[in-house]
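Here is how names work: the chains are called A, B, and so on, in the same order as the sequence lines, proteins then strands, and each is numbered from 1.
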Amino acid sequence: MDLGNRFGDDGIQWGAILKDAGLAALVALVLALLLFGVRLSDGGGGGLEFRPWWVVIAVAAVFAGRAAVALWIGTRKPASGTALPWFDRAVARLSEHKRLLFAAFFLAVAILPLLPVADRRMVDLATLVMIYVMLGWGLNIVVGLAGLLDLGYVAFYAVGAYSYTLLAIHFDLSFWVCLPLAGAIAALFGVLLGFPVLRLRGDYLAIVTLGFGEMTRIIIINWSSLTGGSEGITGIAVPTLFGLRFTPSPAAGETAFHQFFGIPFGGIHKLIFLFYIILILALLTHLFSERMRKLPMGRAWEALREDEIASRALGLNPVLVKLSAFGLGAMFAGFAGSFFATRQGFINPSSFTFIESAIILAIVVLGGMGSQVGVICAAIVLILLPELARDFAEFRMLLFGGAMVAIMVWRPRGLLAHRVPSVRLGQAPPGALRGGLP
Amino acid sequence: MEYFLQQLINGLTLGAVYGLIAIGYTMVYGIIGMINFAHGEIYMIGSFIALICFSILGLSGVASVPLAILVVLLVTVLFTAAYGWAVERLAYRPLRGSFRLAPLISAIGMSIFLQNYVQLLQGARVKAMAPMVTGGFVVTERAGFQVTLSYMQIIIMALTLILMAGFSQLISRTALGRAQRACEQDQKMAALSGIDVDRTVSLTFLLGAGLAAVAGVMTTLHYGVIDFFIGFLVGLKAFTAAVLGGIGSLPGAMLGGILIGLVEAFWAAYFAAEYKDVAAFSILVLVLVFRPTGLLGQPEVEKV
């Protein structure tokens, strides 16, 4: 990747660039020849479709792309450390007014469904994005603050969704009773699963949590008597606003939302109500993790993330510290899960695959691990854009994976990597340390 | 008893395949200390390339089955190894020296990318192939239950044995093997004594991908059905095998693979087939919790 030194004072060295791009094109030819050039027929039969032009286009694209990148790097002024200095400056300037931006954003989001332009689809999309923002913030506690790479976060999301559904259906409890219960059950699950494995090192932990995620899904699929198997469960009730239902024709003795306020019935009322629920839940998650960062427990999380051996030497119990982060992260996934169930009205195991975990992780990673604003930006980019650009939906996961790799290569700390330290030393009096430290 | 014997044979065959893939995980982990999450996808790409080659040979009318298998093996290994090399070059090498979890996240991204790449290029539907090698020996027979050892199973086991023998020679005798072991112990010191670390790592990825490609050819021949998603589960189980045997140890990877294959075959035969994946994952958790060094691994000391 070190192309910078090929440009001396003599200007652009076309020979070096062409040779480099030619080599890249050669590799692309080898990679593309069979998988691009030949298409297998579905099922058996052994029929083939040959597509030589695909190979030519792929190779030409790699050649041009590689040459363009080389030119771009070569003609740029030598960068100071990071790949995108202007971006860093912009992020740094924005984060000076973080609170203001945050408040403005939430105000804008909060009045969004009340605007006359808001239709069903818009409110629905906003709800979807907020679910992922909440999940991202919940996972951020585990990955961003405590530094534990959890690839099975969706397991707790599933536990939350199923415990809410089962409690609501079998015991006829309302959403507002089940929500804390579902969160508690998910947190309990987190603690139970986390206890044996949290002493493992980072990447082992990641694989084990992935295994837990898959195991949860397989058990849900096969335990049909409880969970309905891969068919799932339908007919989950919508929450009520202090007992007011969102139906056009309430049962006898009940008052519906539109009757109480004396307005005509509108299907969008329910969607707006659901949107405000998830907005409040997400805000709670955000406030919780921001407060945690200032409390001893949150500081212990960050200390453990930075250096486990040093924190242990300072007397922190790593298992307890990690377990608290894991359990609390799971709790928020449980909340989000019960909201998901009530919004959908039905649940089945196909909503809780590994890809879902990967999407939530991608939101946290791409946003910048530990950055709360980054999660919002990443959720908007990763959830909203594919929904709006339906034509490119099939490229969505491809771009997803590619973006994860690219971000790690160029900005390993995430897009909004600018992070304000949670703890700052006070300003030293002038001259106090002079000569004391090298 | 006959049923048991048949499951033993099936489990050994499956285990040989897991073992071949597990070697790729274990070698990469040994040398740069990362879990190459995209390795399962390399195996999946190997299966696709193998099926494409078989189909091309079938259309061009090559009649000799041994010749066809040999040609496909060579071509698949070469092309799949190129993928292994490219993945390392693009997604992992720029991250050397980055923070600890960066390569793993990059590898997960790569795995998602490769799955969707193949899905877009070849379609999401299942691809199938008529069996090329049929027939086999009847080992024993009683009360109408035949215990068969098919020719394909013999080929898989024999090929695995040959490759294992070749690989242990490669690691212990050749210059490349010495360079690999040196990089495993101390990369900086190895670089100082004249070993090209980047080249050694690249070759490690090439070799690992080559073995995964052999596994891909074998499973395509034996089971005959592939799709773009097969790499995920097989990769996880092969990784479990590598951990079970002791990550970083070649014989351990093979042993772990065979154990996982046996557990899966017997679990599916005697308990609930739908929970066989849960059994494999439980082994992973149990091994990591109670014996993190695996069966044949050496304890790792974390230094400040």
- Message: Is B/Leu51 close to chain A through its backbone or its side chain, or both, or neither, when contacts mean heavy atoms under 4.5 Å?
- Response: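 Contact with chain A is through both the backbone and side chain of B/Leu51.
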- Item | Distance (rounded to the nearest 0.5 Å) between B/Ile52 CD1 and A/Leu48 CG |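 The distance works out to 8.0 Å.
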- Give, as side chain, backbone, both or neither, the part of B/Phe290 having an atom under 4.5 angstrom from any heavy atom of chain A.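 For B/Phe290, no heavy atom lies under 4.5 Å from chain A.
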- Hey, could you give me the OH/CG distance between B/Tyr83 and A/Leu35, rounded to the nearest 0.5 Å?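 It is 4.0 Å, given to the nearest 0.5 Å.
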- Item | Flag side-chain contact, heavy atom, 4.5 Å: A/Met404 against B/Ile105 |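 Answer yes - side chains close enough.
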- How far apart are the C-alpha atoms of A/Trp54 and B/Leu121, what are their side-chain angles, what is the distance that settles it, and do they pass the side-chain contact (heavy atoms from CB on, under 4.5 Å) test? CA-CA 10 Å; A/Trp54 287 40; B/Leu121 287 175; 3.8 Å; yes
- Quick check: does any side chain N or O of B/Gln115 sit under 3.5 Å from a backbone N or O of A/Met397, one acting as donor and the other as acceptor?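 No, B/Gln115 side chain to A/Met397 backbone: no donor-acceptor pair under 3.5 Å.
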- Query: Can you tell me if CZ on A/Phe212 sees more than 12 non-hydrogen neighbours from other groups inside 6.0 Å?
  - Reply: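 Buried by this count: over 12 neighbours within 6.0 Å.
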- Query: Can you say whether B/Leu120 sits under 4.5 Å from chain A via the side chain, the backbone, both, or neither, judging by heavy atoms?
  - Reply: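 Answer is side chain: those atoms of B/Leu120 sit under 4.5 Å from chain A.
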- Would you say A/Leu40 and B/Ser55 make side-chain contact, with heavy atoms under 4.5 Å?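 They are in side-chain contact.
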- Query: Is there a side-chain contact (heavy atoms from CB on, under 4.5 Å) between A/Ile219 and B/Tyr275 once you walk through the steps?
  - Reply: CA-CA 8 Å; A/Ile219 291 172; B/Tyr275 284 112; 4.0 Å; yes
- Heavy-atom closest pair, residues B/Val289 and A/Pro196: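 Scanning both residues, the minimum pair turns out to be CG2-O, 3.4 Å.
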- Query: Taking every heavy-atom pair that is under 4.5 Å apart, which of A/Val38, A/Ile355, A/Leu31 has the most such pairs with chain B?
  - Reply: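 Among A/Val38, A/Ile355, A/Leu31, the one with the most close pairs to chain B is A/Leu31.
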- Task: May I ask you to name which of A/Met215, A/Arg39, A/Glu214 has the most heavy-atom pairs under 4.5 Å with chain B?
- Result: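 Winner by heavy-atom pair count: A/Arg39.
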- Item | Contact class of B/Tyr92 relative to chain A, heavy atoms under 4.5 angstrom |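 Neither part.
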- Task: Select one option (side chain, backbone, both, neither) describing which atoms of B/Ala130 are under 4.5 Å from chain A's heavy atoms.
- Result: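 Answer is neither: B/Ala130 stays 4.5 Å or more from chain A.
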- Non-hydrogen side-chain atoms of A/Val409 and B/Leu90 separated by less than 4.5 Å: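 They are not in contact (no side-chain heavy atoms under 4.5 Å apart), so the answer is no.
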- Nearest 0.5 Å, what's the CG-CD1 distance between A/Leu361 and B/Ile108?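 Answer rounded to 0.5 Å: 6.0 Å.
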- Query: Using non-hydrogen atoms only, which part of A/Ile221 is less than 4.5 Å away from chain B: side chain, backbone, both, or neither?
  - Reply: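 A/Ile221 has no heavy atom closer than 4.5 Å to chain B.
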- Could you look at A/Leu399 and say if it's the side chain, the backbone, both or neither that has a heavy atom under 4.5 Å from chain B?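 When you check distances to chain B, no heavy atom of A/Leu399 falls under 4.5 Å.
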- Message: Taking side chain as everything from C-beta outward and backbone as N, CA, C, O, which of these in B/Leu78 sits under 4.5 Å from a heavy atom of chain A? Side chain, backbone, both or neither.
- Response: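 When you check distances to chain A, no heavy atom of B/Leu78 falls under 4.5 Å.
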- Query: Taking all non-hydrogen atoms of both residues, which atom of B/Gln122 and which atom of A/Arg51 are closest, and how far apart?
  - Reply: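 In this case the closest contact between B/Gln122 and A/Arg51 is NE2-NH2, 4.2 Å.
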- Proximity breakdown for B/Leu288 and chain A, heavy-atom pairs closer than 4.5 Å: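 For B/Leu288, the contact with chain A is made by backbone and side chain together.
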- Query: To the nearest 0.5 Å, what is the distance between CD1 (B/Ile35) and CG (A/Leu210)?
  - Reply: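 Interatomic distance, B/Ile35 CD1 to A/Leu210 CG, rounded to 0.5 Å: 10.0 Å.
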- Item | Gap separating the OG1 atom of A/Thr216 from the CZ atom of B/Phe281, nearest 0.5 angstrom |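 One gets 10.5 Å once the value is rounded to the nearest 0.5 Å.
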- Item | Within 6.0 angstrom of B/Arg96 CZ, more than 12 heavy atoms from elsewhere |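 Yes, because the 6.0 Å sphere around CZ of B/Arg96 holds more than 12 heavy atoms from other groups.
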- Nearest 0.5 Å, what's the CZ-CD1 distance between A/Phe50 and B/Ile56?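 These two atoms lie 5.0 Å from each other.
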- Which atom of B/Leu95 lies closest to which atom of A/Met408, heavy atoms considered: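 Looks like CD2-O, 2.9 Å.
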- Message: Less than 4.5 Å to any heavy atom of chain A: does that hold for the side chain of B/Phe54, its backbone, both, or neither?
- Response: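 For B/Phe54, no heavy atom lies under 4.5 Å from chain A.
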- Message: In the structure I gave you, are the side-chain heavy atoms of A/Val27 and B/Trp85 within less than 4.5 Å of one another anywhere?
- Response: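 A/Val27 reaches B/Trp85 side chain to side chain.
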- Return the minimal non-hydrogen interatomic distance between B/Leu104 and A/Ala206, and the atom names on each side.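 Here B/Leu104 and A/Ala206 meet closest at CD2-CB, 3.5 Å.
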- Any side-chain heavy-atom pair of A/Ile207 and B/Leu236 under 4.5 Å: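 Yes, their side chains come closer than 4.5 Å.
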- Message: Please verify the inter-ring angle class for B/Tyr29 with A/Tyr204; under 30° counts as parallel, over 60° as perpendicular, anything in between as tilted.
- Response: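 Parallel: the ring planes of B/Tyr29 and A/Tyr204 meet at under 30°.
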- Under 4.5 Å from any heavy atom of chain B - which part of A/Val365: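 Contact with chain B involves the side chain of A/Val365 alone.
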- Message: I want to check something: taking the side chain as every heavy atom from C-beta on, are B/Phe113 and A/Val405 in contact at a cut-off of under 4.5 Å?
- Response: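 No - every pair of side-chain heavy atoms lies 4.5 Å or more apart.
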- Pair B/Lys276-A/Ile218, side-chain contact (heavy atoms from CB on, under 4.5 Å): steps then yes or no: CA-CA 10 Å; B/Lys276 68 180 169 55; A/Ile218 296 172; over 6 Å; no
